Amino acid sequence: MSGFAQNTFNGLVSGAFYALLALGLAVIFGMLRVVNFAHGAFYMLGAFGAYVLLAEAGVPFWAALVIMPVGLALLGMALERAVIHRLTKLDPLYNFLLTFGLTLILQDLVKLRYGVQSSPYETPSLLSGSVDFGLFDFPTYRVFILGFAVLLCVAVWWVLTRTRIGMVVRASTERPDLTRAFGIDVGRWVTPVFGFGIGLAGLAGVLAAPMRAVNPLMGADLIIVVFAVVVIGGLGSIFGSVAAGFGIGLVQAWGEAYLSNFPLVSQTIVFVVMAGVLLWRPAGLFGREEAPA
Amino acid sequence: MLRIENLSAFYGEAQVLRDVSLEVSAGEVVTLVGRNGAGKSTLLRCVMGLHPGQRGTVELDGRDITRLPAHKRARLGLGWVPDDRGSYATLTVTENLTLPPTVGPDPWSLERVYEAFPALHTRRDSAATMLSGGEQQMLALARVLRMGARLLLCDEPTEGLSPLLVQQVGDLLREAKRHGVTVLLVEQNLHFATGVADRHYLLAEGRVAEAMDNSEVRSRERELLAYLGI
């Protein structure tokens, strides 16, 4: 039983990363109709930035947790203004080429300076040790990640469903042209929303630094699963991406634990689930067929 | 209030409007009648600023708005009532109503909207797409009245509605007119059109074929119905 709790907990922690990344992809896709293949690179930059800030300037984890998301959000907004916004009128192929190209550029820039080996990042002292939950105890840092990610998802959900900004974003996501006809400058929201999605990826990166190997390819490995998560949840669905993120984290952890006789299963299980979901619901679990403009 | 001059519109290579010129004065209700594909809806989209391929001039209150994006036109007082009713599935009924900013001197309050449409009040927290077709049409009209729009652009507001609801749409448009609201209306239902409108333009193959008043439409109703293929 304690093994099951352990696996479930670890699944939820991995799921928290999937959820944060998928959430950013979902808001970006909703608002821009751009699939950001560079999302994993920004996650990597978040982790790497935290590492560099600590190693070269002594900036602690807590400061990096603010600096990196904000800095990357600004970088994201600059990129959106410079190149990403040109994608909206082009064939989707260019979307892939540009954002994938950005990934390679960002990865190689980091490689040039820091090489490919993984760098260690120490868990902040406040969060070292473990928390005793009676029957089991879990590492404090992972409990923190889970709590923080859940809180963040709830906050984003609250903003989207309970505020005027959220209402405008939902309307612009669902029917951009119609929303313009109701006096709303949809274009004005595009850049901040892109920046926000990138900021979330950066934040996930900082959170990952103390528990995952920090290296230039860490985002590339993760993002493939995140895309499966987004497809399962329904491309552009906010709730779907978060739910599928945690769900896939759990499925993976349970698969690893209880199907350990089949080592390949835990790596492929995500894609088996994705294929199954697509057969059953082509728009994903919480996706909607595209409405006309 | 609205002046359209030599307006042409294209879908790719195909030309759907050819040098259309027409005028709507403040406080008037004017309909566009014509067969399917005559360019009526495209004309409305051009006025709203939602059709990219166009040539010619659109003026509002003497101001050239041809190059103005749709959201700025809405803020000048244009109220958009699209043919599909424009309900948002991800917004509640109340949110659908309050999404547009108020733009005119005489916007309806939310209370007034709900008093006039008790059905919308009952379902105020439901997703707008869960409403019946008739309720969604009322929602679309109520939304632009709440904006306080001065010029309503209505694309077939009676399409698919029961006679009772058609009557209700007519009452609503007449009431808006009494308060000085101007309406440009795409309409196939000639009875309805003569009941609410002052004048009519007949569009054919992207051109204004004729301008008619109510008595002319009534006296030529049979001929017009045959022409429209209804």
Side-chain angles (χ1 to χ4, degrees), chain A residues 23 26-27 29-31 33 85 88-90 156-191 193 233-243 283-293, chain B residues 41 44-52 65 68-104 107 125 127-129 136 139-140 142-155:
Chain A
L23 180 59
V27 292
F29 178 79
M31 200 74 178
R33 292 292 184 274
H85 79 99
T88 47
K89 292 188 185 77
L90 297 174
V156 170
W157 174 83
W158 186 85
V159 168
L160 280 172
T161 56
R162 292 287 183 269
T163 68
R164 173 144 189 103
I165 292 177
M167 175 166 103
V168 167
V169 169
R170 271 179 290 145
S172 309
T173 296
E174 187 180 337
R175 302 189 59 179
D177 265 0
L178 183 67
T179 307
R180 275 182 210 104
F182 291 136
I184 287 159
D185 186 359
V186 172
R188 206 181 63 166
W189 295 95
V190 167
T191 310
V193 165
L235 197 54
S237 163
I238 309 289
F239 179 76
S241 60
V242 172
L285 289 179
F286 300 94
R288 214 186 290 278
E289 301 292 328
E290 284 282 290
Chain B
S41 293
L44 278 197
R45 293 181 69 81
C46 285
V47 175
M48 192 64 239
L50 292 175
H51 190 83
I65 60 166
L68 224 51
H71 71 269
K72 290 199 174 147
R73 298 188 193 202
R75 286 174 181 266
L76 290 176
L78 297 193
W80 182 238
V81 183
D83 56 347
D84 69 354
R85 283 138 200 183
S87 305
Y88 290 93
T90 53
L91 269 61
T92 64
V93 168
T94 303
E95 287 176 327
N96 267 271
L97 287 166
T98 55
L99 175 71
T102 55
V103 296
D125 293 324
T129 40
Q136 289 189 46
L139 177 65
R143 177 164 49 196
V144 292
L145 293 172
R146 205 213 62 92
M147 278 176 86
R150 297 178 299 133
L151 170 59
L152 308 189
L153 304 169
C154 303
D155 199 345

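Chain letters run A, B, ... following the sequence lines, proteins first and then strands; every chain starts at 1. Computed from a predicted structure; not experimentally measured.
- Both the backbone and the side chain of B:Pro101 come within contact range of chain A, judged by heavy atoms closer than 4.5 Å.
- Cation-pi contact between A:Arg180 and A:Phe182: absent, since separation from the ring centre below 6.0 Å together with deviation from the ring axis within 45° is not met.
- Within the 4.5 angstrom heavy-atom criterion, only backbone atoms of A:Thr161 (N, CA, C, O) approach chain B.
- Most heavy-atom pairs under 4.5 Å with chain A: of the set B:Leu78, B:Thr98, B:Thr92, B:Asn96, this distinction falls to B:Thr98.
- Minimum interatomic distance between B:Pro100 and B:Met147 (heavy atoms only, all atoms of both residues): CB-CG, 3.3 Å.
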Scan the side chains in residues 165-172 of chain A for donor-acceptor partners under 3.5 Å anywhere in the protein, sequence neighbours excluded, and list what turns up.
residue: A:Arg170; atom: NE; partner: A:Leu160; partner atom: O; Å: 2.8
residue: A:Arg170; atom: NH1; partner: B:Thr90; partner atom: O; Å: 2.8
residue: A:Arg170; atom: NH1; partner: B:Glu95; partner atom: OE1; Å: 2.9
residue: A:Arg170; atom: NH2; partner: A:Leu160; partner atom: O; Å: 3.1
residue: A:Arg170; atom: NH2; partner: B:Glu95; partner atom: OE2; Å: 2.8
residue: A:Ser172; atom: OG; partner: A:Val168; partner atom: O; Å: 2.6

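- Within the 3.5 Å criterion, the main-chain N or O of A:Gly30 finds a donor-acceptor partner in the side chain of A:Arg33.
- Looking at B:Thr102, there are no atoms closer than 4.5 Å to chain A (heavy atoms on both sides), in backbone or side chain.
- Remark: B:His51 pairs with B:Tyr11 by the ring pair (Phe, Tyr, Trp, His ring centres under 6.0 Å) rule, at least two apart or across chains.
- For B:Ala149, no part lies near chain A; criterion is any non-hydrogen pair under 4.5 Å.
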